[in-house]
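First up is the structure itself, then whatever we jot down about it.
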Amino acid sequence: MVQNSNSNGDIQHEKEEINKNNDNNNNNEFPDKPEWLTKELFSEFLEKDFPNFTKITKFNVKRAVAAGENFMTTLLRVHLEVEMPDASSKSTSYMVKIKPKSEQIQNMIEEWQIFKKEQLTYSKYIPKFEEFYSEAGKTVEFAPKLMQLQSDRHNSYLLIMEDLRLRDFKNATRQLGLDMEHTKAVLKKLAQFHAASARYVESVEEFPTMYDQCMVTGEDVFAEHRLNSGKIFRANLHLYGDVEYLKEKLKKCVETQSDPYQMKSERNPSEFNVLNHGDLWVNNIMFQYNEDGSVKETYFIDFQLGRYSSPAQDLQYFLYSSTNIEIKLKHFDYFIAYYHGQLIEHLKLLKYEGKMPSLRDIHMAMYKHDYWAYSIATNLMPVILCESREDANIDNVIGGEEGNAFRQAMYTNSRLAENMSVLLPWLDNRGAFEV
């Protein structure tokens with residue numbers, strides 16, 4: 001087993017080393033930008049930000065995050081400089097999300113409807129959720145602003161959003177997991193998001209059927225990948241402490257359990273349902289800080305896998321995958337209670353008239369929907385906890401033999417071993433691997 005860092009100095013040093021490696025992989029101009037991604041595309045945004053600018057003097061496109069920090073799509077940062085009438089210079093940047101170069105992954109994304117879903121969430125639902133809070137006398141913001149092009153010529157190929165870096169938002173270091181303060185900040189914002197989505201269904205309309213699944217698929221497209229990753233995971237159980245007794249349970253689990261990403265949710269009126277973010281792990285959360293280093297604001301990004309179902313999905317996904325090992329299980333029940341308190345507070349604020357879920361209801365939902373546990377532990381956490389590598393991409397996560405080295409590195413990672421040594425027995429004791 002891996003020993004935990006035993007001082008703040010050790011943790012800070014480790015964080016600096018990880019972030020330095022990430023920065024080293026993130027400073028080069030992006031060589032494969034599509035031909036249509038030109039400076040002229042941003043003129044209408046620049047005209048709003050810098051009225052009467054005379055010309056664009058600089059246009060630079062870089063990969064926004066290092067390899068291993070974003071898998072499903074390609075995230076770019078576009079930096080522009082403009083000249084003003086008085087010859088002074090102004091600069092800004094935007095975040096641009098485009099489909100990956102791989103034609104196979106492009107076809108999958110089209111079938112999964114994740115671009116369509118994310119555009120709808122950013123452009124329609126989030127503004128309405130924020131409006132609910134404004135009408136209740138409270139300012140609550142959930143995400144960066146979506147920049148809408150007047151022409152829809154490229155809208156199926158890209159998303160353009162404000163660059164939160166300009167407002168000093170940052171990601172936490174994914175390999176270390178979030179501490180108590182950050183975890184509570186996320187749970188509060190999640191409760192606000194869930195409360196607004198419940199109010200939306202009650203007062204406006206149901207969410208479209210594409211929100212019944214994280215990935216909208218007609219057939220199980222990941223069966224082979226799940227079986228293969230399950231084999232690698234079980235082959236490395238000896239690295240994860242005294243857990244080899246779980247080998248047969250885990251084997252049965254992967255061979256018989258449906259993929260939760262593709263599973264359709266039941267719109268059960270007797271159960272409390274919300275719009276789940278659907279992919280709430282540490283890299284899809286950004287933080288803004290006060291001068292003393294405390295968390296000032298929390299935003300969510302990457303709304304590609306939204307799913308209308310029990311809030312147990314987001315709670316399990318986030319708490320299992322993205323909290324520090326020291327608090328992950330020790331404070332698990334407290335985190336659920338804290339989330340529930342925030343949820344009820346904000347449902348009342350928004351004048352939600354439906355049945356309020358009790359704390360016991362949320363705990364029962366966590367057990368009912370614990371089919372997420374296996375997938376989070378064996379597929380999501382190996383990705384989150386792995387080192388940054390140039391070969392870290394979606395093709396190597398789910399692909400053929402060319403991804404073997406990367407997948408082996410994921411499952412033999414010492415951080416994964418440390419987490420699995422405590423998480424697997426805990427999940428087993430809750431019955432999460434019973435099928």
Side-chain angles (χ1 to χ4, degrees), residues 72 112-114 117-118 121 125-126 129 142 183 186-198 200-201 206-217 222 226 253 257-285 300-323 328 332-333 335-340 342-343 347 357 359-381 383-384 423 427 430-433 435:
M72 195 75 73
W112 297 337
Q113 299 185 45
I114 64 174
K117 184 183 289 186
E118 187 165 29
T121 303
Y125 299 129
I126 289 176
F129 294 175
F142 294 107
T183 298
V186 173
L187 290 173
K188 180 177 180 178
K189 186 53 63 83
L190 183 63
Q192 293 172 334
F193 185 82
H194 285 172
S197 71
Y200 183 91
V201 171
E206 294 276 349
F207 294 105
T209 56
M210 68 176 173
Y211 285 91
D212 288 347
Q213 297 167 274
C214 290
M215 295 177 178
V216 185
T217 57
F222 291 122
R226 287 200 309 279
C253 202
Q257 181 177 285
S258 299
D259 178 14
Y261 290 97
Q262 302 175 75
M263 186 185 298
K264 285 190 176 182
S265 59
E266 298 178 13
R267 299 206 172 188
N268 185 347
S270 65
E271 185 174 18
F272 182 72
N273 291 305
V274 299
L275 180 62
N276 284 271
H277 178 283
D279 195 20
L280 194 65
W281 63 289
V282 62
N283 272 23
N284 288 339
I285 305 164
F300 299 152
I301 58 174
D302 282 5
F303 292 85
Q304 302 171 137
L305 302 181
R307 181 172 180 251
Y308 182 65
S309 62
S310 167
Q313 174 182 337
D314 272 347
L315 288 170
Q316 291 183 74
Y317 206 95
F318 168 66
L319 290 174
Y320 293 160
S321 74
S322 300
T323 51
K328 189 186 299 289
F332 186 82
D333 286 345
F335 289 142
I336 301 301
Y338 178 79
Y339 162 84
H340 175 260
Q342 292 293 324
L343 177 68
L347 285 171
L359 177 57
R360 179 176 291 184
D361 289 334
I362 300 297
H363 278 296
M364 291 175 66
M366 296 292 284
Y367 281 99
K368 179 180 178 180
H369 298 278
D370 67 0
Y371 48 80
W372 280 99
Y374 175 86
S375 186
I376 294 167
T378 63
N379 287 285
L380 178 64
M381 292 183 68
V383 171
I384 293 175
L423 183 60
L427 288 172
R430 291 169 64 91
F433 302 134
V435 291

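The model shown is predicted, which means the values in this text are computed figures rather than measured ones. Residue numbers start at 1 and run along the sequence shown.
Using a 4.5 Å heavy-atom cutoff, the side chains of Phe129 and Ser197 are in contact. Put simply, the side chain of Ile336 reaches to within 4.5 Å of the side chain of His363, judged on heavy atoms. Put simply, the side chain of Ser258 does not reach to within 4.5 Å of the side chain of Tyr371, judged on heavy atoms. For the pair Gln313 and Cys214, the minimum side-chain heavy-atom distance is below 4.5 Å. Asn273 is not listed as a side-chain neighbour of Arg267, based on a closest heavy-atom distance of 4.5 Å or more. Two residues are said to be in side-chain contact when any heavy atoms from C-beta on lie closer than 4.5 Å; Phe335 and Leu315 fail this criterion.
Checked by atom type and distance alone, the side chain of Gln316 never pairs as donor or acceptor with a backbone atom of Trp372 at under 3.5 Å. Between the Ser322 side chain and the Leu319 main chain, no donor and acceptor come within less than 3.5 Å of each other. No donor-acceptor pair under 3.5 Å is formed between the side chain of His340 and the backbone N or O of Asp361. At distances below 3.5 Å, not a single donor-acceptor pair connects side-chain atoms of Asp302 with backbone N or O atoms of Asp279. A donor-acceptor pair is defined here as one N or O able to donate and one able to accept, closer than 3.5 Å; no such pair exists between the side chain of Tyr338 and the backbone of Asp333. Between the Lys117 side chain and the Gly306 main chain, a donor and an acceptor come within less than 3.5 Å of each other. Listed for the Asp314 side chain is a donor-acceptor partner under 3.5 Å among the backbone atoms of Gly278. Judged by distance alone, the side chain of Lys264 and the main-chain N or O of Gln213 form no donor-acceptor pair under 3.5 Å.
Remark: Lys188 NZ to Tyr339 OH distance equals 14.5 Å, nearest 0.5 Å. Separation of atoms CD1 (Ile285) and CG (Leu280) is listed at 4.5 Å; rounding is to 0.5 Å. Taking CG of Leu187 as the start and CD of Gln342 as the end, the distance is 9.0 Å to the nearest 0.5 Å. For the atom pair OG (Ser321) and CH2 (Trp281), the distance works out to 8.5 Å, reported to the nearest 0.5 Å. Distance check, rounded to the nearest 0.5 Å: CE of Met263 to OG of Ser375 gives 9.5 Å. Rounding to the nearest 0.5 angstrom, the gap separating the CZ atom in Phe318 from the CZ atom in Phe300 is 8.0 Å.
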Chi angles and distances behind the side-chain hydrogen bond (donor to acceptor under 3.5 Å, both in side chains) call for Ser309, Asn276
CA-CA 7 Å; Ser309 62; Asn276 284 271; 3.1 Å; yes
side-chain hydrogen bond (donor to acceptor under 3.5 Å, both in side chains) assessment of His369 paired with Glu271
CA-CA 12 Å; His369 298 278; Glu271 185 174 18; 2.8 Å; yes
Between Phe303 and Asn284, does the side chain to side chain contact (heavy atoms under 4.5 Å, CB included) criterion hold? Intermediate values first, please.
CA-CA 9 Å; Phe303 292 85; Asn284 288 339; over 6 Å; no
Intermediate values then yes/no, side chain to side chain contact (heavy atoms under 4.5 Å, CB included), Leu305 and Met215:
CA-CA 6 Å; Leu305 302 181; Met215 295 177 178; 3.9 Å; yes
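The minimum heavy-atom distance between Pro357 and Leu343, with the atom names listed, is CG-CD2, 3.8 Å. Summarising the geometry of Leu347 relative to Ala198, their closest heavy-atom pair is CD2-CB, 4.1 Å, with the distance given to 0.1 Å.
Checked against the 6.0 Å centroid criterion, the rings of Phe193 and His277 do not qualify as a close aromatic pair. Within the 6.0 Å centre-distance limit, the rings of Tyr320 and Phe332 are counted as a close aromatic pair. Residues Tyr261 and Trp112 keep their aromatic ring centres 6.0 Å or farther apart.
Taking the ring centre of Tyr367 as origin, the terminal cationic atom of Arg430 falls inside the region bounded by 6.0 Å and 45° from the ring axis.
Heavy-atom contacts from other residues, nucleotides or ligands closer than 6.0 Å to CE of Met210 number more than 12.
Side-chain atoms of Ser265 and Tyr211 include no donor-acceptor pair closer than 3.5 Å.
Note on Asp212 versus Arg307: no salt bridge recorded, every NZ/NE/NH1/NH2 to OD/OE distance being 4.0 Å or above.
Below 30°, between 30° and 60°, or above 60°: for Phe207 and Tyr200 the angle between ring planes is below 30°, a parallel geometry.
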